[in-house]
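In what follows, a single structure is set out as structure tokens and then discussed.
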Amino acid sequence: MSTAHTTPRKWRLATVSLAGCFGCHMSFLDIDERLFELIDHFTFDRSPLTDIKTVGRCDIGLIEGGLCNAENVEVLRAFRDQCRVLVAVGACAITGGLPALRNHLDVGDMLQAVYGQVPNDPELPLPLNRVLPIHEVVEIDYSLPGCPPPADAFWQLLQDLMAGREPALHKGLIRYD
């Protein structure tokens, strides 16, 4: 009878920030020393922790920020294709957040006012007429509300997903600010 030790499976986690302030990523990092525990359970793919710019197949994708240009939409769709579970993180991903405050403005007029002309450079991504929350373009599996969500909310979400439980954040971890 074999007594060989098997290493538990590591989950693959990827993150991306689109049109937002990167505050949700900073809140995620606020789990502090628990990051070391996450390393025991997760391999990090695309994320600011790895500086990997593309995403491979992953178990969980955390995405913050809304969609303000064509490049954001392209990145989001590619990210969704690679992530088994996609979590919309923060107000910008869920509702468009602060970037969506421009939605009542005409994009051409706004660019004219800012640049004195409408830029015509192939290096610049085409702006969308309005900032979109990510669920208007792809299916999301879970939302983690807040601006930003507290670090403990990230921790609880990941613990629940690893345990095969439906994420259940208690009232103190859910913020709609």
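Within a 6.0 Å sphere centred on CG of Asp32, other residues, nucleotides and ligands contribute more than 12 heavy atoms.
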Contacts under 3.5 angstrom, residues 107-127 side chains, donor-acceptor by atom type, not counting sequence neighbours:
residue : atom : partner : partner atom : Å
Gln112  : NE2  : Gly116  : O            : 2.8
Asp121  : OD1  : Glu123  : N            : 2.8

N/O donor-acceptor pairs under 3.5 Å from side chains in residues 81-98, not counting sequence neighbours:
residue : atom : partner : partner atom : Å
Gln82   : OE1  : Arg57   : N            : 3.0
Thr95   : OG1  : Ala91   : O            : 2.9
Thr95   : OG1  : Gly97   : N            : 3.2

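When all heavy atoms of Tyr142 and Pro167 are compared, the pair lying nearest together is CE2-CD, 3.3 Å. Across every non-hydrogen atom of Gly61 and Cys58, the tightest pair is N-SG, 4.4 Å. Residues Ala19 and Cys68 come closest through the heavy atom pair CB-SG, 3.7 Å. Between Phe28 and Leu38, the shortest heavy-atom distance links the atoms CZ-CD1, 4.0 Å. Between Glu71 and Asn69, the shortest heavy-atom distance links the atoms N-OD1, 3.0 Å. The two residues Met162 and His41 make their nearest non-hydrogen contact at SD-CB, 3.5 Å.
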Next item on the list: Start with the C-alpha gap between Phe42 and Ile60, add the side-chain angles, then the distance that decides, and say whether side-chain contact (heavy atoms from CB on, under 4.5 Å) holds.
Entry: CA-CA 10 Å; Phe42 286 95; Ile60 302 170; 4.0 Å; yes
Notebook entry, point to check: What's the verdict on side-chain contact (heavy atoms from CB on, under 4.5 Å) for Arg34 and Phe154, showing C-alpha distance, side-chain angles and the deciding distance?
Noted result: CA-CA 11 Å; Arg34 292 177 291 182; Phe154 282 98; over 6 Å; no
Margin query: Could you go through Arg80 and Asp141, starting from their C-alpha distance and side-chain angles, then the distance that decides it, and tell me whether this counts as side-chain contact (heavy atoms from CB on, under 4.5 Å)?
Written below: CA-CA 10 Å; Arg80 171 75 266 191; Asp141 300 298; 3.1 Å; yes
Item checked: side-chain contact (heavy atoms from CB on, under 4.5 Å) between Leu158 and Trp11, worked out -> CA-CA 10 Å; Leu158 294 174; Trp11 292 64; over 6 Å; no
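Once rounded to the nearest 0.5 Å, the distance linking CG of Asn103 with CZ of Arg130 reads 6.0 Å. For the atom pair CD (Glu37) and CG (Asp40), the distance works out to 7.0 Å, reported to the nearest 0.5 Å. A distance of 10.5 Å separates CG in Leu169 from OG in Ser143, rounded to the nearest 0.5 Å. Here the CZ atom belonging to Arg77 is positioned 12.0 Å from the CG atom belonging to Asn72, to the nearest 0.5 angstrom.
Thr15 places no side-chain N or O within donor-acceptor distance of the main-chain N or O of Leu62, the cut-off being under 3.5 Å.
Asp59 has no carboxylate O lying under 4.0 Å from a charged side-chain N of Lys10, or vice versa, which leaves the two without a salt bridge.
Inspection of the Asp152 and Gln156 side chains reveals no N or O donor paired with an N or O acceptor under 3.5 Å.
Ile134 and Val131 fall into different hydrophobic clusters, where Ile, Leu, Val, Met, Phe, Trp and Tyr are joined by side-chain heavy atoms under 4.5 Å apart, directly or via other members. The hydrophobic cluster containing Leu128 does not contain Leu105, counting ILVMFWY residues as joined when their side-chain heavy atoms lie under 4.5 angstrom apart, directly or transitively.
Between Glu64 and Leu144, the closest side-chain pair of non-hydrogen atoms is not below 4.5 Å.
In this pair, Phe22 and His25 present their aromatic rings parallel. The plane angle is below 30°, not in the 30 to 60° band.
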